[in-house]
Number of protein chains: 4
Amino acid sequence: MRTSAKRKPRGTTDGGQGKRAGQGADRRAQILVAALDEFSLHGFEATRLDDVAKRAHVAKGTIYLYFKDKESLFQELLRAQIGPVIGMLEAVLAGGTKEKKPVPLRELAHRVADLFVEQVIGTRRKDIVRLILTEGPRFPKLAEFYYREVISRGLSAFRARAKRAVNEGELKSDTLVRFPHLIVAPALVSIIWKSMFDKFEPLDVKALMKAQIDILFDKEERP
Amino acid sequence: MRTSAKRKPRGTTDGGQGKRAGQGADRRAQILVAALDEFSLHGFEATRLDDVAKRAHVAKGTIYLYFKDKESLFQELLRAQIGPVIGMLEAVLAGGTKEKKPVPLRELAHRVADLFVEQVIGTRRKDIVRLILTEGPRFPKLAEFYYREVISRGLSAFRARAKRAVNEGELKSDTLVRFPHLIVAPALVSIIWKSMFDKFEPLDVKALMKAQIDILFDKEERP
Amino acid sequence: MRTSAKRKPRGTTDGGQGKRAGQGADRRAQILVAALDEFSLHGFEATRLDDVAKRAHVAKGTIYLYFKDKESLFQELLRAQIGPVIGMLEAVLAGGTKEKKPVPLRELAHRVADLFVEQVIGTRRKDIVRLILTEGPRFPKLAEFYYREVISRGLSAFRARAKRAVNEGELKSDTLVRFPHLIVAPALVSIIWKSMFDKFEPLDVKALMKAQIDILFDKEERP
Amino acid sequence: MRTSAKRKPRGTTDGGQGKRAGQGADRRAQILVAALDEFSLHGFEATRLDDVAKRAHVAKGTIYLYFKDKESLFQELLRAQIGPVIGMLEAVLAGGTKEKKPVPLRELAHRVADLFVEQVIGTRRKDIVRLILTEGPRFPKLAEFYYREVISRGLSAFRARAKRAVNEGELKSDTLVRFPHLIVAPALVSIIWKSMFDKFEPLDVKALMKAQIDILFDKEERP
DNA sequence: CATGAATGAGAGTTCATTCAT
DNA sequence: TATGAATGAACTCTCATTCAT
């Protein structure tokens, strides 16, 4: 329905020869970038492949050379971004086990929070997460994939680590074992807040994340 | 008009059940219920008014007797549900001031959590909230309205109450004054979890809310 | 998008004739011709773009490749035809001044009449004029454009010429200076007659025009 | 397509009792008046029966109590107005034969012109004529009826009278016998001009009619 | 590989017509 | 008779998808 902006015509038609949009470069990547822009702006349904093509400086038909259809483009876009996230996540959580001196869970939590602020909130990745949140329910396959590859893995990794922290006395209760969600909660709130209410009242995401972690661990760490 | 072909009159198809859908009942309400179903299922863009009509056992044109257009139907649907939420929220927060013995903030938080679990998570209202979250960014007006009427009010009411709790010693730090969001965070996570991952791994929302509150207040209440 | 039902691709129905309507030819022109047919037949409101498309052997959507909407199609159709008319008119009226021996106004009038009979009554242009007459009141912009570009120009050109004819003694009274409309009147009657009553009683337009001119000038030319 | 005005809501809902629009009076007439207004404003296709009903202070269904459908309403509206016109016309033309001293055709022409200015141009009847002109081609039945009842009658009556004038020496040539249309031409031009261009350049209809008659007869009456 | 004109199913919206009250 | 809520066919316009070049 396109509540806002009208379509703005592409300024220059690129001449016809010249730098033909990426030339030999990865057209696929170009299209994905453009698709992220448009999907973020309008959501899945309201995004027009025409606009994606325009933004990618590519003909409409070209998209179909690389993607089966609109839905494939959308799903591949999201899936493509999930890989790095998983990698980062596992790296950090594993990090705690490889170092000689074991890193306390609290320290790990702070690292994850920093990572989140820098690598998600501060980048286009927050839009990916938002898209998963908003369009996910309409794409059961996507939700399932996301659950399997990210959520369940992240949760169990964190749970395992939290269990150790309980055993080692870093945590007094098993709250975080039962509800690792509590670590993620402020992150979610941040993403949603940014996209809807930040213009009315800006939110200091870093401080919010820090506050939650401090609360979570201050409570637990008391003697 | 074409001089020839007149419009064909309605055969007398009547659906087969003989009774005119809802008869004297409130068509408007019927339509709103059906609309909530469809919008929840598909989101704004992907919802077809044809399906809303079908679900409401009403002709497509009938919708336009009660709503200007698709967007109006959508917005009125959401706004209509926001009112009660505001009412409930204010009632609970005000409740703490009217009783002779002041209700501790912690107790209030639990009441709000219960309210949330019963009145939102347990009802269609959770779908309303989800719709606001997912479609909000595409309806600036809606986001603004929601911020003004719900978010900012709720936040400042809670902040005022939290400040008093700090002054009266119930809370040791001003974390909750700065980030009332932390009370809402698990609620949001719950709504999103329910709509995407509950079938893979059910979430005990009540326990989650309780855990967060306990953490929030246990920490603060230490001597 | 509904996750399920993809849009069905075009079967390869192709109309049955194998050749893509007009192929490389000017689709725009095809559409304009078809539009003139349909608009002439039914008027603006009653014309269905579906029928225009069918008549142009073109898909419905194709029309929107060349015209913004139904109204644009209509207006461009009319405007495109007005240009030539203006050109012809000015050419004839100017013709009288360029020739060595000045052409008498009467002679000019006959030329304009012939032009009208050949170029308007005898062609599709009479339908254009009819459309302007019948739809004009509903398209204020069109009426204004038509007045500015055709009527006022034609009238003042004729008036100027008529004034000269008065000064030079060709005309005895200033009737035609005050009412150049009298030259146009039989033309209008012809167009309307042709479209409504010609099948009951055919009208010899040429003779009608000639009769009016003769009357106009016979009277004036008496000593 | 409704180029102009939005529907304006009826100011007062009429209370419910009170003067229920014409009460026992002729609903049919009310509706016809309202229909003329709307059809004149928007043409046949673009007119909404809803608006006719509103303007007639009558429920939409009521229209169908008096008229079979929209087209009937339209046709009956136009036919109803043709009677008086025929009457007037015949009265005037007959008038010339009943008076002792025969009225000259020229005098008759002036009388008709006056009648036209007073009874058509100066009243709603000009809208009727306009509707016949603009919608006629789309309603073959109407055009035929109109030709039979008005045009052919009027024409042959005038022709008979003109023939007499020729025989009696009032007219020298048979131009008006062959083309009685020339008497009507300026009237048509007037009606069209009034509806399209009068705001840009007002036309003195009476003077125009008089000029044409004078030309027609001055020429003929010379010795 | 790339293009973009062409396609046509589909969605929102309107409004003549019906009919229970 | 009169009403006006309800109906659903029809119409405009959009856009994912195809395919000749």
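Please read these numbers as outputs of a predicted model, since none were measured by experiment. Computed over heavy atoms, backbone and side chain alike; hydrogens, waters and symmetry mates excluded.
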Salt bridge (charged side-chain N to carboxylate O under 4.0 Å, His left out) against E76(C), all qualifying residues, sequence neighbours excluded:
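R28(C).
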
So if I take every side-chain heavy atom of [X] and compare against [options], which nucleotide ends up nearest?
X: V58(D); options: dT3(F), dT3(E), dA16(E); value: dT3(F)
X: R48(C); options: dC11(F), dC13(F), dT17(F); value: dC11(F)
X: Y66(B); options: dT13(E), dA6(F), dT17(F); value: dA6(F)
X: L65(B); options: dA6(F), dT17(E), dG8(E); value: dA6(F)
X: T62(C); options: dA5(F), dT1(F), dA6(E); value: dA6(E)
X: R27(D); options: dT18(F), dG8(E), dA2(F); value: dA2(F)

Counting only Watson-Crick or G-U wobble pairs whose two distances fall under 3.5 Å, which nucleotide matches dT21(E)?
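Pair assignment: dT21(E) / dA2(F).
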
Short N-O contact, E135(C) and R138(C), less than 4.0 angstrom
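Yes, charged N to carboxylate O under 4.0 Å.
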
What is the distance, rounded to the nearest whole Å, between atom [atom1] of [X] and atom [atom2] of [N]?
X: D69(C); N: dC11(F); atom1: CG; atom2: P; value: 17 Å
X: Y64(D); N: dG4(F); atom1: OH; atom2: C1'; value: 13 Å
X: I31(A); N: dT3(E); atom1: CD1; atom2: C1'; value: 12 Å
X: L73(A); N: dA16(F); atom1: CG; atom2: C1'; value: 12 Å
X: D51(B); N: dG10(E); atom1: CG; atom2: P; value: 12 Å
X: R28(C); N: dA5(E); atom1: CZ; atom2: P; value: 14 Å

Record whether the side chain of K60(D) comes under 3.5 Å of the base of dT3(F) through a donor-acceptor pair of N or O atoms.
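It does not, because no donor-acceptor pair links the side chain of K60(D) to the base of dT3(F) below 3.5 Å.
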
Map L49(A) and K70(C) onto DNA chain F by nearest heavy atom, then report which one ends up closer to the 5' terminus.
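Taking each residue's closest nucleotide, the earlier one in sequence belongs to K70(C).
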
Give a yes/no verdict on a cation-pi contact between R79(B) and F145(B), requiring under 6.0 Å between NZ or CZ and the six-membered ring centre and an angle within 45° of the axis.
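That pair qualifies as a cation-pi contact.
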
Does G61(D) or G61(A) map to a spot on DNA chain E nearer the 5' end, using the closest nucleotide for each?
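In this pair, the answer is G61(A).
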
5'-most by nearest nucleotide on DNA chain E - D50(B) or I63(C)
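The residue closer to the strand's 5' end, by nearest nucleotide, is I63(C).
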
Quick check on side-chain hydrogen bond (donor to acceptor under 3.5 Å, both in side chains): which of R55(B), R48(B), K54(B) does E38(B) satisfy it with?
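One option only clears the test, and that one is R55(B).
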
Do you know the tightest heavy-atom contact between S40(A) and L36(A)?
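Closest pair (atom of S40(A), atom of L36(A), distance): OG-O, 2.6 Å.
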
